[in-house]
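Here's the structure, in structure tokens; my notes come after.
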2 protein chains.
Amino acid sequence: MTTPRPPSGKEPGPTAGPVCPAGLRCGPVSHAITRVARLHRMLEGSLLRRAGLHPGQEALMMHLWETGAQRQSELTALLGSDSATMTRAVQRLERAGFVRRVPCPTDRRGVIIEPTAASQALRQEIEEIWWQLEEATVSGLTEEERATALRVLDRLEANLANRA
Amino acid sequence: MTTPRPPSGKEPGPTAGPVCPAGLRCGPVSHAITRVARLHRMLEGSLLRRAGLHPGQEALMMHLWETGAQRQSELTALLGSDSATMTRAVQRLERAGFVRRVPCPTDRRGVIIEPTAASQALRQEIEEIWWQLEEATVSGLTEEERATALRVLDRLEANLANRA
DNA sequence: GTTATTTCCCTGTTCGGACAGCTAACGATG
DNA sequence: CATCGTTAGCTGTCCGAACAGGGAAATAAC
């Protein structure tokens, strides 16, 4: 996996400002999603870097810890990932010592992915990071506002899922 | 640039379902953002593919059309991108014939990026795609709901921008 | 004018993501 | 048993994104 490079002194930084030039009718919600997603991902990345992980790997590990050792194909489906992406992610996590690959006893095509004992040290750290990320995202919002945010996002998700 | 592979029969597909296992308190808003962003990006990708572009390139071209030829460093800053990413994006768009690189007359370090006449054919197509994407995102929402969505996203963006 | 600093762009590298192609193994059918 | 179609996983390729490092030019400081 190779530990992500430590933050190079300069934290990612707020990049740029408005992506929507002037009075351009450019799909306001759509672009807002892009901007929020970008910032969210950047923050996630800089938090995870401190734990030695790249964005995406933490979800894989959380899944393994939550539901135990699983077939690689299972992980791929559950995380909605690509099989090639999964192959390489597992390889990196294996090199990093967070995961072990065991031949599936009942299907010689398959591979069981299990978290190592060493990886347990990461779990608390990741949960803390998820907490920090959520807090940074919704800090300053009332309970009601947070509920509204969740409702809006769920609505958008449902919309987009239909067009996928 | 090499035209994106044509959709291989199967459109990206809704990938997986819930990423949040069971009753796990896992940063609900945060994960909702991740899911929405994922779907949004997938849809954007499949729409853009038909125009022969990859996600991200369309924003660059729109910027060029809107504000005219610009220094590469200007584009990088305005789009909040990475200079390396910009270098390669421009190279691909140049190979694809959508962009021309002209040495900056007042600063021999600089490069002016200008859209080609041929690229104009793309513009309407991209605007149409942005419209489709927006529609897919907010279809079925009332005007009031759309305003709420925008307000929520702006709020989240402001929050995240502070922590960046 | 010479030197130091900054800016601009390029290349190399690593990651996640997506698609295509391949092999080995499984399953079912004839 | 032999064949056919499917599934699991790996590798190659291309893209966007981010960081590191380098070289050239412009600018500031001396």
Side-chain angles (χ1 to χ4, degrees), chain A residues 1-13 15 34 37-38 41-42 44-46 48-49 52-60 70-77 79-96 101 103-104 106-113, chain B residues 1-13 15 34 37-38 41-42 44-46 48-49 52-60 70-77 79-96 101 103-104 106-113:
Chain A
M1 176 180 75
T2 70
T3 287
R5 294 182 186 77
S8 59
K10 91 169 182 254
E11 282 296 294
T15 67
T34 302
R38 180 196 194 83
R41 189 175 187 72
M42 278 173 40
E44 182 189 15
S46 71
L48 278 174
R49 203 185 338 263
L53 288 176
H54 291 273
Q57 299 183 333
E58 99 283 10
L60 204 171
Q70 283 177 41
R71 285 283 296 264
Q72 182 167 316
S73 54
E74 206 68 29
L75 281 174
T76 302
L79 295 181
S81 180
D82 183 87
S83 81
T85 300
M86 186 55 66
T87 291
R88 285 179 263 252
V90 167
Q91 287 172 342
R92 282 156 194 149
L93 288 171
E94 186 184 24
R95 273 205 301 275
R101 292 162 33 88
C104 176
T106 70
D107 186 339
R108 279 189 301 175
R109 294 171 303 177
V111 181
I112 305 285
I113 311 299
Chain B
M1 177 180 75
T2 71
T3 288
R5 294 180 186 78
S8 58
K10 88 168 180 257
E11 282 297 296
T15 68
T34 301
R38 182 196 193 85
R41 188 174 188 74
M42 279 174 39
E44 182 189 16
S46 71
L48 280 174
R49 201 183 343 261
L53 288 177
H54 291 274
Q57 299 183 331
E58 97 284 9
L60 203 171
Q70 284 175 40
R71 285 282 296 266
Q72 180 166 317
S73 54
E74 207 68 30
L75 282 174
T76 302
L79 294 181
S81 181
D82 183 89
S83 80
T85 300
M86 185 56 65
T87 291
R88 284 180 265 253
V90 167
Q91 286 173 343
R92 280 156 196 148
L93 288 171
E94 186 184 25
R95 274 203 302 274
R101 291 161 35 89
C104 176
T106 70
D107 186 338
R108 281 190 299 176
R109 294 171 304 176
V111 180
I112 305 284
I113 311 298

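Quick note on labels: first sequence line is chain A, next is B, and so on, each numbered from 1. The figures that follow rest on heavy atoms only: side chains count, while hydrogens, waters and symmetry mates do not.
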*When we call it a touch if two heavy atoms are under 4.0 Å apart, what does B:Asp107 touch: a base, just sugar-phosphate, or nothing?*
sugar-phosphate

*To the side chain of A:Arg109, which of C:dC8, C:dA18, D:dA8 is closest?*
D:dA8

*Kindly indicate whether the side chain of A:Ile113, heavy atoms from C-beta on, has any atom under 4.5 Å from the side chain of A:Gln70.*
no

*So what does A:Thr85 hit on the nucleic acid, given a heavy-atom distance under 4.0 Å: a base, only sugar-phosphate, or nothing?*
base

*Just checking B:Gly110: base, sugar-phosphate only, or nothing, at a heavy-atom cut-off of under 4.0 Å?*
sugar-phosphate

*Consider the side chain of B:Arg49, meaning its heavy atoms from C-beta on, and name the nucleotide among C:dC19, D:dG16, C:dT6 that approaches it most closely.*
C:dC19

*Interatomic distance, B:Arg108 CZ vs D:dA24 P [rounded to whole Å]*: 12 Å

*Between A:Glu94 and A:Arg92, is there a donor-acceptor pair closer than 3.5 Å when you use the side chain of the first and the backbone of the second?*
no

*So does A:Thr87 get a side-chain nitrogen or oxygen closer than 4.0 Å to the phosphate oxygens (OP1/OP2) of D:dC10?*
yes

*Can you find a side chain N or O atom of A:Ser73 that sits less than 4.0 Å from OP1 or OP2 on D:dG9?*
yes

_Distance, rounded to the nearest Å, where A:Met86 contributes CE and D:dT11 contributes P_ = 16 Å

_Atom pair distance, as rounded to whole Å: CD in A:Glu74 and P in D:dT7_ = 14 Å

*Nearest to the side chain of A:His54, which nucleotide is it out of D:dT7, C:dG16, C:dC10?*
C:dG16

*What is the distance from CD of B:Gln72 to P of C:dT11, rounded to the nearest Å?*
11 Å

*Of all the choices, C:dC9, C:dC19, D:dC10, which nucleotide is nearest to the side chain of A:Asp82 once you look at every atom?*
C:dC19

*d(CD, A:Gln91; P, C:dG17) in whole Å*: 15 Å

_For B:Leu93 and B:Gln57: C-alpha separation, side-chain torsions, deciding distance, then whether side chain to side chain contact (heavy atoms under 4.5 Å, CB included) applies._
CA-CA 8 Å; B:Leu93 288 171; B:Gln57 299 183 331; 4.1 Å; yes

*Choose from D:dG16, D:dT7, D:dA20 the nucleotide whose nearest atom is closest to any side-chain atom of B:Ala84.*
D:dA20

*When the distance from CD of B:Glu94 to P of C:dC9 is rounded to whole Å, what number comes out?*
14 Å

*Using whole Å, report how far CD of B:Glu58 lies from C1' of D:dG16.*
12 Å

_Sole residue of B:Thr76, B:Leu53, B:Leu79 in side-chain contact (heavy atoms from CB on, under 4.5 Å) with B:Leu60_ = B:Leu79

_I'd like to know if the side chain of B:Arg38 and the backbone of A:Gly80 have a donor-acceptor N/O pair within less than 3.5 Å._
yes

_The side chain of A:Arg88 is closest to which nucleotide in this list: C:dT11, D:dG12, D:dC10?_
D:dG12

*With a non-hydrogen cut-off below 4.0 angstrom, is B:Ala89 in contact with a base, only sugar-phosphate, or nothing?*
nothing

*Whole-Å distance between D:dC19 P and A:Met42 CE?*
8 Å

